[in-house]
Amino acid sequence: MCGIIGVIDKSRSLMDGSHIKSALSMMNERGSGEGAGYVAYGVYPEFKDYYALHVFFDNVHEHKKEVDALLGQWGTIIHDEEIPTYEQPGLRKVHTPWRYFFSPDTSLMTRSSTPAEDIVTSLVMRVNTQVTGALIFSSGKNLGVFKAAGWPEEVADFYRIEDYSGYIWMGHNRYPTNTPGWWGGAHPFNLLNWSVVHNGEITSYGTNRRYIESFGYQCSMFTDTEVVAYVVDLLSRRHGLSQELTVRALAPPFWDEIDREEPKQQELDRAIRLTYGPAMMNGPFAIVVANQDSMVAFTDRSKLRPLVGAENGSKLYVSSEEAAIRAMDPNIDDVFTPRAGDPIIGRIVA
């Protein structure tokens, strides 16, 4: 049921948040008013060299000191402040959104090949599982996730996202089925520079969760989209797979399709399925994933959830519905639908 949309300007030209707000609102019938959110890349140019940690606090005065102390153990807080919000009649502010700009001390993790990323990942897992009343929901550089329990227009106005500009935007309108609607369960889900929006249901959640937790990730939000974000980080950042191979691992061809492939492709696909079998995702889904350099969208192997793509100049759009894309850009003239399991990929070229 959920509505998803994303846009990347491959020339890194900035777009304000007003257009994606209008587009996501076109898919209100795909949500229930229990969760919506946005992510933008390029929103913090003045702090672009630092990790932007967005945190929900249940009570700032009670819970912030513990997070401050933990961050201080592992690096330097360059700046922190409450994220500006604006009261909305239909949205109850049950958490206080806060942001830190953080520089990890890489000398504290000498055996890691990616010490800064590993420190931030560890802090996210630790805060989200051990610190009462605090949840880190965004942790990348020069990006920000803005989400809450509400309708797309309410969440957009709550954060006034038109005041932010980015070269990649993604949005999500949630219709929760297996978990309750709450602020942390709203999409996008994020870890480091990876952000995910998802429509559907990952029926292999249990297997995928056990697999990702064997690598040290800790799932605290009991939703399949959290697992998608962590699996993408594992395969892409830690294992170094390309976007194409990561999608191939998450939504591989069926075995009978592999049997009909050319020998070289058959060997590759067999190796991926055997190596990453527990990462393979079953069930009906459409997923959009972004990092600082790209946006990738793909569906399950039977395409049981809709996905549409469109291009206009340097912009690539993906969404559950063509109407939402046209709300962002009425002048698009190249609309297409991908085959099941085949990714739509947009990469920064400038």
Side-chain angles (χ1 to χ4, degrees), residues 17 33-40 43-44 46-47 49-105 108 116 119-151 154-161 163-164 174 176 179-192 195 218-223 226 229:
E34 297 176 271
Y38 305 85
V39 61
V43 292
Y44 295 130
E46 67 275 29
F47 293 106
D49 296 324
Y50 307 109
Y51 290 90
L53 308 180
H54 286 195
V55 186
F56 287 143
F57 285 116
D58 290 352
N59 186 305
V60 174
H61 300 293
E62 289 183 16
H63 305 127
K64 183 175 181 293
K65 290 180 181 178
E66 191 172 353
V67 174
D68 288 354
L70 190 57
L71 294 179
Q73 292 176 12
W74 288 95
T76 303
I77 299 172
I78 304 301
H79 176 71
D80 73 290
E81 63 184 4
E82 183 176 349
I83 297 175
T85 57
Y86 306 87
E87 186 176 341
Q88 301 300 311
L91 194 157
R92 188 166 66 93
K93 187 177 179 180
V94 296
H95 305 287
T96 299
W98 204 273
R99 57 188 168 208
Y100 295 86
F101 296 98
F102 174 71
S103 178
D105 183 351
L108 298 176
I119 288 173
V120 173
T121 298
S122 177
L123 287 169
V124 170
M125 303 299 154
R126 186 167 172 182
V127 169
N128 290 356
T129 58
Q130 298 180 22
V131 178
T132 302
L135 180 79
I136 299 177
F137 62 96
S138 184
S139 54
K141 287 185 175 181
N142 201 15
L143 69 87
V145 172
F146 306 91
K147 63 182 183 178
W151 292 100
E154 294 171 338
V155 176
D157 292 340
F158 179 69
Y159 289 104
R160 199 174 289 174
I161 63 164
D163 293 345
Y164 295 92
R174 191 175 185 219
T179 54
W182 65 295
W183 288 43
H187 302 204
F189 279 81
N190 168 272
L191 180 65
L192 299 172
S195 301
Q218 294 176 275
C219 299
S220 59
M221 286 171 271
F222 308 106
T223 175
E226 178 189 28

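Rounding to the nearest 0.5 Å gives a distance of 10.0 Å between CD of Glu62 and OG1 of Thr132. Note that OG1 of Thr96 and NZ of Lys64 are 11.5 Å apart. Values are rounded to the nearest 0.5 Å. Trp182 CH2 to Lys147 NZ: the interatomic distance, rounded to the nearest 0.5 Å, is 7.5 Å. The distance from atom CG of Asp58 to atom NE2 of His95, rounded to the nearest 0.5 Å, is 5.5 Å. Distance check, rounded to the nearest 0.5 Å: CG of Leu71 to CD1 of Ile78 gives 11.5 Å. A distance of 13.0 Å separates OH of Tyr159 from CD of Glu154, quoted to the nearest 0.5 Å.
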Tell me, with the steps shown, if Leu135 and His63 meet side chain to side chain contact (heavy atoms under 4.5 Å, CB included). CA-CA 10 Å; Leu135 180 79; His63 305 127; over 6 Å; no

Decide yes or no on side chain to side chain contact (heavy atoms under 4.5 Å, CB included) for Lys93 and Glu87, but give the supporting numbers first. CA-CA 8 Å; Lys93 187 177 179 180; Glu87 186 176 341; over 6 Å; no

Side chain to side chain contact (heavy atoms under 4.5 Å, CB included) assessment of Phe189 paired with Thr223: CA-CA 10 Å; Phe189 279 81; Thr223 175; 3.2 Å; yes

In sequence, state the C-alpha distance, the side-chain angles, and the governing distance for Leu108 and Gln73, and then conclude on side chain to side chain contact (heavy atoms under 4.5 Å, CB included). CA-CA 9 Å; Leu108 298 176; Gln73 292 176 12; over 6 Å; no

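Between Phe57 and Tyr100, the angle of the ring planes goes over 60°, which puts this pair in the perpendicular group of the 30/60° scheme. Using a 30° and 60° split on the angle between ring planes, Tyr164 and Phe146 fall in the tilted class, from 30° to 60°. Classified by interplanar angle (parallel below 30°, tilted 30° to 60°, perpendicular above 60°), the ring pair Phe101/His79 is parallel.
The two atoms that bring Ala36 and Val155 nearest to each other are O-CG1, 3.6 Å, heavy atoms only. Taking both residues in full, the closest heavy atoms of Ala134 and Val55 are given as CB-CG1, 4.3 Å, listed atom of the first, atom of the second, then distance. The shortest non-hydrogen separation linking Leu143 to Leu192 is CD2-O, 3.9 Å. Here the closest non-hydrogen pair linking Asp105 and Ile119 is O-CD1, 3.3 Å. Of all heavy-atom pairs spanning Gly35 and Ala186, the tightest one is CA-CB, 4.1 Å. Closest approach of Asn190 and Ser195 over heavy atoms only: ND2-OG, 3.0 Å.
Residues Phe102 and Asp80 have side chains not in contact (no heavy-atom distance under 4.5 Å, counting atoms from C-beta outward). Counting heavy atoms from C-beta on, the side chains of Ile136 and Arg126 never come closer than 4.5 Å. Counting heavy atoms from C-beta on, the side chains of Phe56 and Pro97 come closer than 4.5 Å. A heavy-atom distance below 4.5 Å is not found between the side chains of Pro104 and Trp74. The side-chain heavy atoms of Glu34 and Arg174, taken from C-beta on, include no pair separated by under 4.5 Å. Between Gln130 and Ser220 there is no side-chain heavy-atom pair separated by less than 4.5 Å.
With sequence neighbours excluded, no residue forms a side chain to side chain donor-acceptor pair (under 3.5 Å) with Lys141.
Checked by atom type and distance alone, the side chain of Ser138 never pairs as donor or acceptor with a backbone atom of Leu53 at under 3.5 Å. At distances below 3.5 Å, not a single donor-acceptor pair connects side-chain atoms of Asp157 with backbone N or O atoms of Tyr86.
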